[in-house]
Amino acid sequence: MKNINILTIALLAYLLIMSYIGWPGRNKNMNYTEYFIVIGVSVVVIFLLRFLRIKLLKIRNKQKEDKQT
């Protein structure tokens, strides 16, 4: 398993744990819409980081190949 996959899984697991801890059902004053928007934005950011890291890895590998030739 690649390092990128391990990091993505770890971040998603962290988000799930934090989502469970912050569940608004315990506090009647919290807004469910805000809760799910924050989770959604967090998931989007995690996957943007994943794709950015993949892109940078491809660029780095291409530069290594160019130096070897």
Side-chain angles (χ1 to χ4, degrees):
M1 192 176 249
K2 290 185 177 180
N3 189 16
I4 296 168
N5 293 338
I6 293 170
L7 181 64
T8 303
I9 291 169
L11 287 173
L12 288 172
Y14 177 76
L15 178 62
L16 286 173
I17 292 167
M18 290 297 115
S19 299
Y20 178 74
I21 291 172
W23 179 250
R26 298 179 188 165
N27 187 357
K28 301 299 181 193
N29 296 332
M30 285 191 70
N31 188 0
Y32 285 99
T33 306
E34 180 181 327
Y35 174 77
F36 288 114
I37 288 173
V38 169
I39 292 173
V41 169
S42 298
V43 169
V44 168
V45 168
I46 288 170
F47 281 103
L48 285 176
L49 287 171
R50 175 185 167 81
F51 291 122
L52 178 65
R53 184 152 172 147
I54 290 171
K55 186 168 181 88
L56 290 174
L57 190 62
K58 286 181 182 179
I59 291 171
R60 187 177 300 144
N61 288 340
K62 186 174 181 180
Q63 287 178 350
K64 283 183 183 179
E65 289 176 3
D66 290 343
K67 279 187 177 181
Q68 290 177 355
T69 59

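Just the heavy atoms: all of them, side chains too, but no hydrogens, waters or symmetry mates, feed the values below.
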Would you list the atom pairs, donor with acceptor, under 3.5 Å between side chains in residues 53-64 and any protein atom, with sequence neighbours excluded?
| from | atom 1 | to | atom 2 | distance (Å) |
| --- | --- | --- | --- | --- |
| N61 | ND2 | L57 | O | 3.4 |

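Sorted by first and then second residue, the ring-ring contact (aromatic ring centres under 6.0 Å, His included) pairs with a member in residues 27-49 read W23-Y32, W23-Y35; sequence neighbours excluded.
Residue M18 is found in a hydrophobic cluster whose other members, listed by chain and number, are Y14, I17, I21; membership requires side-chain heavy atoms under 4.5 Å apart, directly or through intermediates. Grouping Ile, Leu, Val, Met, Phe, Trp and Tyr by side-chain contacts under 4.5 Å, direct or through others, puts I37 with V41, V45, L49.
Distance check: D66 CG to Q68 CD gives 9.5 Å after rounding to the nearest 0.5 Å.
Closest approach of L15 and I39 over heavy atoms only: CD2-O, 4.1 Å.
For the pairing with L7, the side chain to side chain contact (heavy atoms under 4.5 Å, CB included) check across L11, N5, I4 returns one residue only, L11.
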